[in-house]
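Residue numbers begin at 1 in each chain, while the letters A, B, ... track the order of the sequences.
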Number of protein chains: 2
Amino acid sequence: MTDPPQAKRRAVTIKDVARHAGVSQGVVSRVLNPGIGPVAPATRERVLESIKALRYRPHTAARELKSQKTSTIGLVVADVANEFFARLADHVVRAARSLDLGVLLTTTQEDPALEVGSVEMLMDKRVRGIIAAPTGRNSAIWREVTDMGTQLVFVDRTLADVPLADVVGVDNEAAAFDATRHLIDRGHRRIAIISGPLSISTGRERVAGYRRALEQLGAEPLDEFVFEADFRDPTVGGAVDALLALEAPVTAVVVSNTALAATVTRRLRALEVAIPDDLSIVVFHDAPWTALAMPAFTVIRHPMDAIADTAVRLLNQRLTTDPPQHGEHVRLTSTLVERASVATLNRGAR
Amino acid sequence: MTDPPQAKRRAVTIKDVARHAGVSQGVVSRVLNPGIGPVAPATRERVLESIKALRYRPHTAARELKSQKTSTIGLVVADVANEFFARLADHVVRAARSLDLGVLLTTTQEDPALEVGSVEMLMDKRVRGIIAAPTGRNSAIWREVTDMGTQLVFVDRTLADVPLADVVGVDNEAAAFDATRHLIDRGHRRIAIISGPLSISTGRERVAGYRRALEQLGAEPLDEFVFEADFRDPTVGGAVDALLALEAPVTAVVVSNTALAATVTRRLRALEVAIPDDLSIVVFHDAPWTALAMPAFTVIRHPMDAIADTAVRLLNQRLTTDPPQHGEHVRLTSTLVERASVATLNRGAR
DNA sequence: TTGTAAGCGTTATCAA
DNA sequence: TTGATAACGCTTACAA
């Protein structure tokens, strides 16, 4: 009855269905795409049966070619091994599914060249839209994306000179301010920050918030307290060494993501520096494990679900209605979750 | 010079390039696909220039329609928020990139219906191949995949009745045996396992290995020691309660993945049950944070990189050479990494 | 209500 | 070495 498994039989096309049902291609197409034209209930039935009998499946590429519309979006993130982006990707895929959109996943590894390659692939495949966390060093290519009429939503990070893109992220400046103030409130004055690359908006914003807190609340904003690390820098342990080797070592540090925090923690353990007794830590992003760490980390919690949902919602909005002349910017707010990685110093105000 | 940003200009096609370069479409196509036919160096130059000048980009869908070959593969996993699958996805995306393959990511959330939807989408898009961690309850649809000539590599899990699929996974039976033996060696006799669903091959294998160790090494394989939980079951805390409510509570438990382990740990903390003093734990999969947990978890470490690389290699092999009549099965080996979540009991052999 | 046919952007065959 | 031209599988006017 059925063909032998290996016999990669010629795929059944709309023509086969038409012949089998004794109608023309056009009719079949119309039952496939209801609303495009009338079809007699009886014929419709017959066609549907033929479709089932022949196990016909429409050929997306042909459809896309004719209709000039794909049902695919692109997702461009740094690295899906990063819990933050993994969460994001999981949400995006789910949300996209409910809109009948496929998701092409690409990663930049924070490498501008890979980013360009990703974007080109997505453009060649004519995705309807892209949700992206840009590396920050390729504004031109992103501008081309919007120029071509491909809808674009930046997530987590932003690029100032891509005006047509929507942006959804958190208020990193405020979050860093809060984190720093929390430390200052606990008596810390010598506070460091291990930030992500300053080529990325989040890195810049976090350092700015950190600086503002120090200045405003009377602590010392020393340059040697600011470390710019790659988000996945495996050598960030060196920053820890430097921080502790200072004549007057820091008593606290704000760490910009969980991957960095993991590396830092490992280094501190190796050095037998106790958290929080010898060094207090606040970490950006509340990965599930931060509560399980030793000690449980005080973190800045981002509204991950809202970020992802908003990104997809904005993209879908652009896909289904006339896209606006300028990108919409959505800033969600993060909150500080106090746990056990911050010590209270009682050496009074300095 | 350039169009206004919004003016979604008609996409430039190969025809435009041909006209601009003063040649025929065929020639342009031939410079685009070298090796297909001759082209004079001078013409080639001219065409290349036109391509650049017009910013021409080939239309993948058209290409695919004509050539009946896509440059996309599908990746079907349960849930990319799960660290295991996230790692896998990250690798797959990278490896695919280097083969010039796009990756369509879909998730099943362990739901057979979503799995079917994913597979249909991928088939409609005519992906060249699929790397999948099947839910275990949809053999039929996977058989259809191979019947249609789409290459298939199962990863992590396997389905017995899909003979044409390659499989790459770890030896879960042996790993569970090792984990259990480790516990027995440390003096434990009342050992539980919180396994994944038995509808998934890994769950079955792990329980089998666990059972074999108990029987072979003289501990008690009681039915009430085996808990079948969904991999992301948020109510697995209940299993913990049950285990501890036993007349003679267990002294150790093997936990089937890190998500479950996190939930279990949280529950134990709430109950003020100390790890490992009151309960020892071995966890499947060495997520980066397991070493940072309190206490650091003793884990079964899977060779993640090898798993992902092998999956892509097998798929690529099937894509580039004549696929074999039967699937290849690759079993990699996991290793036990001893840390601090297992106590040594000194109540002698019973 | 249905059929016919053009055309989406490519590749590939065949003549020139 | 190049140019016409026919598909690929589908959607969509338009005609019947």
Sugar-phosphate, base or nothing in reach of B/Gln25, heavy atoms under 4.0 Å
base
Just to be sure I understand the rule, does A/Ser29 reach a base, reach only the sugar-phosphate, or reach nothing, if contact means heavy atoms closer than 4.0 Å?
base
Would you mind telling me which of B/Gln109, B/Glu110, B/Glu115 makes a side-chain hydrogen bond (donor to acceptor under 3.5 Å, both in side chains) with B/Thr135?
B/Glu115
Find the distance B/Lys125:NZ to D/dC8:P and express it as a whole number of Å.
23 Å
Can you find an N or O donor on one side and an acceptor on the other, under 3.5 Å apart, linking the side chain of B/Arg126 with the base of D/dG9?
no
Would you confirm whether B/Arg57, through its side chain, and A/Met123, through its main-chain N or O, come within 3.5 Å as a donor-acceptor pair?
no
Please report, rounded to the nearest Å, how far the C1' atom of D/dT5 is from the CD1 atom of B/Ile14.
14 Å
To the side chain of B/Pro38, which of D/dA7, D/dT11, D/dT2 is closest?
D/dT2
Interatomic distance where CG belongs to A/Leu65 and C1' belongs to D/dT11 [whole Å]:
10 Å
In whole Å, I'd like the distance from the NZ atom of A/Lys15 to the C1' atom of D/dT11.
14 Å
Could you tell me whether the side chain of B/Leu32 reaches within less than 4.5 Å of the side chain of B/Arg63, counting heavy atoms only?
yes
Nearest-angstrom distance from the residue atom NE2 of A/His59 to C1' of D/dA7:
13 Å
Any ion pair linking A/Asp90 and A/Arg87 (charged N to carboxylate O, less than 4.0 Å)?
no
For the pair made of CD1 in A/Ile51 and C1' in D/dC10, what is the distance, rounded to whole Å?
13 Å
Nearest whole Å is fine: how far is D/dA6 P from B/Gln68 CD?
19 Å
Residue whose nearest DNA chain C nucleotide is more 5′ - B/Ala62 or A/Gly26:
A/Gly26
Once you round it to whole Å, what is the distance between P of D/dC10 and CZ of A/Arg30?
15 Å
Donor-acceptor pair between A/His91 and A/Asp309 side chains, under 3.5 angstrom:
no
B/Asn316 backbone acceptor or donor facing B/Thr320 side chain under 3.5 Å
yes
Under 4.0 angstrom, heavy atoms only, what part of the nucleic acid is A/Thr13 near: base, sugar-phosphate, or nothing?
sugar-phosphate
Counting only side-chain heavy atoms from C-beta out, which of D/dC8, D/dC10, D/dT12 sits nearest to B/Lys66?
D/dC8
Taking heavy atoms of chain B and a 4.0 Å limit, find me the 5'-most and 3'-most nucleotide of DNA chain C within that range.
C/dG9 to C/dA12
Which sits closer to the 5' end of DNA chain D, B/Thr43 or A/Thr60, going by the nucleotide each is nearest to?
B/Thr43
Would you check if the side chain of A/Thr70 reaches a backbone N or O of A/Arg126 as a donor-acceptor pair within less than 3.5 Å?
yes
